[in-house]
Number of protein chains: 2
Amino acid sequence: MHTVEQRPLTPAARRVLEVASELFYSRGVNVVGMELIAEEAGVTKKTIYDRFGSKQRLVVAYLRARDLRWRDFLTSRVEAHGPPIDRIVATFAALEEWMDRENERGCAMVNAYAELSDPRHPGRAVAQEQKHWLRDLYRTLVAPTGAGDPDALADTLLMLHEGAVVARNVTGITDAALTAKEAAQALLRAHGADGPDQR
Amino acid sequence: MHTVEQRPLTPAARRVLEVASELFYSRGVNVVGMELIAEEAGVTKKTIYDRFGSKQRLVVAYLRARDLRWRDFLTSRVEAHGPPIDRIVATFAALEEWMDRENERGCAMVNAYAELSDPRHPGRAVAQEQKHWLRDLYRTLVAPTGAGDPDALADTLLMLHEGAVVARNVTGITDAALTAKEAAQALLRAHGADGPDQR
DNA sequence: AGGTAAACACACCGGTCGGTATACTATCAA
DNA sequence: TTGATAGTATACCGACCGGTGTGTTTACCT
């Protein structure tokens, strides 16, 4: 039988997941074969299938792990600020830092969503969940600002966020996150958000 | 020898390109094999290779054709309006219409960019060119509005545009383009753009 | 009548895909 | 001591991948 659940990964399984994550992200989920992963992780295919069961599940594990890392990172950056408006701005500063560090190929969820066209593939749900989570995050951040039409504002911020990733990735606009951050501040002002930074 | 250049496509080649476009877009470039395309187009693989030379070139032909359709569509919608601000707003209305009609799987260029991880694949350049074209379009549309910081505003509009596609595709926000349009209007106002709609 | 282009049919190539089977070894806890 | 557990190595499977070769048929142009 294989693991798949949250039982702590064996050392070999951890290596597999690390290597697979790197390869899946940098080259794409469909392009990378199981044999390559096994080779790079110094492990036999048998071990991978013993631990993860199938490629589909390994892909899901990769997406879940990356999603978790991103959420933890973003959450910590948001919580480092008090005022609602500062928190919203912090999401774009966090995005900027994240993209500089480890987003060479754009958003892993968006890329996976593009690659996994079969609607039954469970990896699609992982990507959707992340975006729904981000949408909800913006809603909860917008609410206490007293901005008008808060739901539309939250969706707009979400779009700016996702658009910045795409623009940076394919158009090569390196300061996309910065531009998005300034646009977000302008929008908050336009929606009448009141915060300590307002005058 | 095979065609590849802009010589008018033979009837069989046209059928191949139509079928390939549908399959490439709806299922992904890497997932669809040449045999399936040949089958669905009622054509032998030999014919495809005689006309297009390789899968890589067929993919490029698909991207070029789709890009052209989109540019023609967007250009016509923009030119239907006179005032600069109306033209900018028209891009988001056009996006809304386009997404309702034929964007079930998001932006073909962004998806292809995600799938074609090999930087040497010429399909990547096609995607990049479209986004650069769109960026330039927004720049030329923003310039005559007299808005402050026009380049940043153009990039912001680009991000809203791309973000709306992603948000609608993976998050399922069906009115994403509408929300983006309203945000664009607010941003134009915030940048002090003057137009017939201003008061 | 002859030539050329565009299809057809079909067999075939080396290689890779995800996944399985068998057998053996090292570690460690009951 | 025994018996899982986790790992190794290797061979194998059918299916499919992108791509090619040989030869035939159809239709239009000169």
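A note on names: the letters A, B, ... follow the listed sequences, proteins ahead of strands, and every chain is numbered from 1. Just the heavy atoms: all of them, side chains too, but no hydrogens, waters or symmetry mates, feed the values below.
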Worksheet item: Applying the salt bridge (Lys or Arg N to Asp or Glu O under 4.0 Å) test to B:Glu35, which of B:Lys45, B:Lys46, B:Lys55 qualifies?
Response: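 Only match with B:Glu35 under salt bridge (Lys or Arg N to Asp or Glu O under 4.0 Å): B:Lys45.
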Whole angstrom is fine here: how far is it from [atom1] in [X] over to [atom2] in [N]?
{"X": "A:Lys45", "N": "D:dG7", "atom1": "NZ", "atom2": "P", "value": "18 Å"}
{"X": "B:Leu58", "N": "D:dG18", "atom1": "CG", "atom2": "P", "value": "10 Å"}
{"X": "A:Leu23", "N": "C:dC17", "atom1": "CG", "atom2": "P", "value": "12 Å"}
{"X": "B:Asn30", "N": "D:dC16", "atom1": "CG", "atom2": "C1'", "value": "14 Å"}
{"X": "A:Tyr49", "N": "D:dA9", "atom1": "OH", "atom2": "C1'", "value": "17 Å"}
{"X": "B:Phe52", "N": "D:dG19", "atom1": "CZ", "atom2": "C1'", "value": "16 Å"}
{"X": "B:Asp50", "N": "D:dT22", "atom1": "CG", "atom2": "C1'", "value": "12 Å"}
{"X": "A:Glu35", "N": "D:dC12", "atom1": "CD", "atom2": "P", "value": "14 Å"}

Contact under 4.0 Å: [X] side-chain N or O vs [N] OP1/OP2:
{"X": "B:Thr10", "N": "C:dA7", "value": "yes"}
{"X": "B:Thr47", "N": "C:dC8", "value": "yes"}
{"X": "A:Thr44", "N": "D:dA9", "value": "no"}
{"X": "B:Arg15", "N": "C:dA7", "value": "no"}

Discussion item. Is it the case that the side chains of A:Tyr25 and A:Glu104 hold a donor-acceptor pair, with the cut-off being a distance below 3.5 Å and no angle test?
Written reply: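 No donor-acceptor contact under 3.5 Å links the two side chains.
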Worksheet entry | Out of C:dG18, C:dA7, D:dG18, whichever nucleotide has its closest atom nearest the side chain of B:Pro11 |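 For B:Pro11, the side-chain atoms sit closest to C:dA7.
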Worksheet item: Which is true for B:Val32 with a 4.0 Å heavy-atom rule: it touches a base, it touches only sugar-phosphate, or it touches nothing?
Response: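 Here B:Val32 touches the backbone only, sparing every base.
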Worksheet item: Which class fits the ring pair B:His161 and B:Phe92: parallel under 30°, tilted 30 to 60°, perpendicular over 60°?
Response: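 Ring orientation, 0 to 90° scale: tilted.
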Discussion item. For B:Trp98 and B:Phe73, take the angle between the two ring planes, folded into 0 to 90°, and tell me which bin it lands in: parallel under 30, tilted 30 to 60, perpendicular over 60.
Written reply: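 Rings of B:Trp98 and B:Phe73: tilted, as their planes differ by 30° to 60°.
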Item to complete: For residues B:Met109 and B:Trp70, determine if any side-chain heavy atom of one lies less than 4.5 Å from a side-chain heavy atom of the other.
Response: no
Discussion item. Can you tell me whether the side chain of A:Lys46 and the base of D:dG7 have a donor-acceptor pair closer than 3.5 Å?
Written reply: no
